[in-house]
Protein chains: 2
Amino acid sequence: MALRNADRIREELEQAIMAGEFGDGERLDEMTLSTRFSVSRTPVREALHALAASGLVETIPRRGVFVRYPSFIKLIEMFDVMAELEAMCGRLAARRITDEELDRLEAAAIACQKAEEKGDTDEYYRENERFHHVLYHASGNSFLAQEASKLHKRLKPFRRLQLRVRGRLGQSMQEHREVQDAIQRGDAERAARTLRSHIAIQGENLNDLMANFAKYHSRVPRQKT
Amino acid sequence: MALRNADRIREELEQAIMAGEFGDGERLDEMTLSTRFSVSRTPVREALHALAASGLVETIPRRGVFVRYPSFIKLIEMFDVMAELEAMCGRLAARRITDEELDRLEAAAIACQKAEEKGDTDEYYRENERFHHVLYHASGNSFLAQEASKLHKRLKPFRRLQLRVRGRLGQSMQEHREVQDAIQRGDAERAARTLRSHIAIQGENLNDLMANFAKYHSRVPRQKT
DNA sequence: AATATCATTCTTGTATACAGAAATGTTGAC
DNA sequence: GTCAACATTTCTGTATACAAGAATGATATT
């Protein structure tokens with residue numbers, strides 16, 4: 001359906017930015033991108049505006065659009081909100097989850113465990129994502145699920161930063177099992193509490209993130225605004 | 001700064017849609033809007049895309065953009081999420097609020113009371129908004145404040161629907177005082193709990209909203225997609 | 001040599017032109 | 001009279017053209 005060039009370009013740029021192809025503060029030139037994607041400026045502009053709406057870039061009128069990496073503070077703020085959204089999902093899911101969703105949640109949790117035992121990090125990330133998306137939908141609140149998915153996606157590159165640390169993977173997996181258990185038993189508050197601390201950046205996690213943040217944030221010298 | 005025609009048009013259209021000038025499912029024709037705002041299609045298209053990003057309209061490729069009123073279900077879902085975001089703001093604010101912000105919170109609460117005593121509904125809405133925005137910022141989490149503000153704005157027309165009912169104004173005000181008191185005492189959990197039930201649609205509020213929803217949602221016959 | 005002013009160039013924002021898909025209306029067959 | 005196939009029109013998506021603001025560089029002045 002949405003086979004417009006603008007959408008295709010938006011996705012490609014999104015991935016490129018999240019992959020770190022552009023440095024913080026770097027300007028995205030319309031003409032350059034036009035030639036890169038072999039289209040005119042029009043669809044490029046639409047793609048850039050869409051990226052601005054999702055917060056990946058900032059548009060300064062008559063100046064251009066600039067890549068904006070979130071600051072360390074902003075990142076923690078976003079994780080805090082994410083934690084609260086996930087906690088809400090868990091609280092609702094504990095009451096509303098269907099048998100089928102419960103099965104899928106367990107399947108994802110098991111797949112996570114398998115991946116961790118194999119030491120396959122990429123697969124772990126994939127299955128981890130599946131676990132959380134099942135959770136979002138199990139909340140029975142489609143608006144919540146949508147917002148949670150958006151923020152989840154936005155935080156994707158940084159979750160890696162956090163989980164890369166030795167041992168974190170196993171701990172994360174353990175928490176999944178506890179969440180699953182709480183939801184299965186219908187213990188809404190325990191599900192919420194566990195998820196909140198599963199996501200929130202605090203204690204050791206904070207240190208881990210901080211340690212990796214510097215590396216991440218200094219890929220390209222920040223340009224003047 | 002942002003004196004682009006596109007932004008101006010976006011705001012005007014936003015207000016027009018929220019004011020109910022367009023019915024649910026109505027198509028927004030680029031050419032028609034061009035003449036209405038005396039500009040070309042280009043800035044109109046940008047404005048429409050921005051509206052789509054904020055969820056007010058839906059774009060169907062090669063078909064056009066259509067106004068989308070939230071369904072009753074969606075509305076309740078959004079209020080539920082809003083309640084959780086406000087609760088989070090309250091929980092954080094109880095620990096982080098500054099003396100100055102506390103003063104402003106109290107001032108807004110008093111202004112609400114004054115407006116209610118005068119029976120000035122419009123002023124009540126204005127001050128109510130001020131109260132909540134102070135709260136958002138008092139959370140000390142700028143990302144949270146931003147997200148809360150966005151959703152607050154989106155729900156604006158429906159809050160009126162809910163508060164229009166006799167007596168609700170006074171009750172709402174009472175809850176403000178309780179929130180303010182909890183935050184002042186630093187009681188995070190009470191602030192969170194009070195705010196959640198202040199915002200959430202449940203019990204009587206649900207009935208009130210339901211009663212007014214029908215009137216709202218049937219302004220113009222829904223057009224075929 | 002440093003700075004201020006002005007001209008030039010570059011880039012964004014907007015208007016217009018064009019191509020192709022979807023909607024609409026017409027005609028003809030049953 | 002109803003429905004289907006086709007022609008026509010309309011509107012979206014993209015390309016290009018144009019206007020004006022911002023950045024850059026040159027020149028002149030102190």
Side-chain angles (χ1 to χ4, degrees), chain A residues 1-14 16-17 21-68 220-225, chain B residues 1-14 16-17 21-68 220-225:
Chain A
M1 8 215 96
L3 301 111
R4 303 182 309 176
N5 273 334
D7 291 339
R8 182 178 56 85
I9 291 166
R10 193 193 81 92
E11 281 187 35
E12 280 198 46
L13 277 178
E14 195 171 82
I17 291 171
E21 185 179 326
F22 304 98
D24 182 38
E26 194 170 340
R27 178 161 148 272
L28 295 178
D29 184 64
E30 293 176 3
M31 206 86 84
T32 308
L33 294 174
S34 298
T35 58
R36 165 168 171 171
F37 293 109
S38 311
V39 295
S40 78
R41 278 176 55 218
T42 312
V44 170
R45 278 179 67 89
E46 289 194 8
L48 290 177
H49 286 314
L51 291 178
S54 75
L56 271 172
V57 303
E58 186 190 356
T59 310
I60 303 180
R62 296 244 172 239
R63 302 283 293 278
V65 337
F66 301 83
V67 176
R68 285 282 177 259
V220 166
R222 188 190 183 86
Q223 311 209 348
K224 70 176 173 187
T225 52
Chain B
M1 9 209 108
L3 301 110
R4 302 183 307 174
N5 274 334
D7 291 338
R8 182 178 55 86
I9 293 166
R10 192 193 79 92
E11 279 186 36
E12 280 199 45
L13 277 178
E14 195 170 82
I17 291 171
E21 185 179 327
F22 304 99
D24 182 38
E26 195 170 339
R27 177 159 151 274
L28 296 177
D29 185 67
E30 294 176 3
M31 206 85 83
T32 310
L33 295 173
S34 298
T35 58
R36 165 169 172 170
F37 293 109
S38 312
V39 295
S40 78
R41 279 175 54 217
T42 312
V44 171
R45 279 180 64 93
E46 289 194 8
L48 290 177
H49 286 313
L51 291 178
S54 75
L56 271 172
V57 302
E58 184 191 356
T59 311
I60 302 181
R62 295 241 173 243
R63 302 283 293 276
V65 337
F66 301 82
V67 176
R68 286 280 177 262
V220 165
R222 187 190 184 86
Q223 312 209 346
K224 67 176 178 186
T225 52

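Predicted model only: the values in this text are computed from it and were never measured.
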Calculate the interatomic distance between [X] atom [atom1] and [N] atom [atom2]; express it in whole Å.
X	N	atom1	atom2	answer
I60(B)	dA21(C)	CD1	C1'	15 Å
R4(A)	dA19(C)	CZ	C1'	17 Å
I9(A)	dG13(D)	CD1	P	14 Å
R63(A)	dA20(D)	CZ	C1'	16 Å
D7(B)	dG13(C)	CG	C1'	11 Å
L33(B)	dA15(C)	CG	P	14 Å
M31(B)	dG13(D)	CE	P	13 Å
D29(B)	dT24(C)	CG	P	12 Å

Please determine whether a side-chain nitrogen or oxygen atom of R62(A) lies at a distance below 4.0 Å from atom OP1 or OP2 of dA22(D).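 Checking dA22(D) against R62(A), no side-chain N or O comes under 4.0 Å of OP1 or OP2.
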Among all residues two or more places apart in sequence or in another chain, which pass the side-chain contact (heavy atoms from CB on, under 4.5 Å) test with A53(B)?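 By the side-chain contact (heavy atoms from CB on, under 4.5 Å) rule, A53(B) matches A53(A).
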E11(B): partners by side-chain contact (heavy atoms from CB on, under 4.5 Å), with sequence neighbours left out: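 For E11(B), no residue satisfies side-chain contact (heavy atoms from CB on, under 4.5 Å) once neighbours in sequence are set aside.
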So, do T59(A) and F66(A) sit near enough that their side-chain heavy atoms are less than 4.5 Å apart? no
What is the bend of the helix from dA1(C)-dT30(D) to dC30(C)-dG1(D) when you compare the axis at one end with the axis at the other, using five pairs each and rounding to 10°? 10°
Between R4(B) and D7(B), does any side-chain N to carboxylate O distance fall below 4.0 Å?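 Here R4(B) pairs with D7(B) in a salt bridge, since their nearest N and O are under 4.0 Å apart.
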Find the distance between CG (L13(A)) and CD (E21(A)) and round it off to the nearest 0.5 Å. 8.5 Å
Measure the CG-CZ distance between L56(B) and R68(B) for me, rounded to the nearest 0.5 Å.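 CZ of R68(B) is found 12.5 Å from CG of L56(B).
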Qualifying residues under side-chain hydrogen bond (donor to acceptor under 3.5 Å, both in side chains), relative to S54(B), sequence neighbours excluded: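 Here no residue qualifies.
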Which residues share a side-chain hydrogen bond (donor to acceptor under 3.5 Å, both in side chains) with R45(B), sequence neighbours left out: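 Testing R45(B) for side-chain hydrogen bond (donor to acceptor under 3.5 Å, both in side chains), a comparison that skips the adjacent residues, returns E46(A), E30(B).
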Counting distance only, does the side-chain N/O of E12(B) pair as donor-acceptor with the main-chain N or O of I9(B) below 3.5 Å? no
For DNA chain C, which residues of residues 39-56 of chain A approach it to below 4.0 angstrom with any heavy atom? R41(A), R45(A)
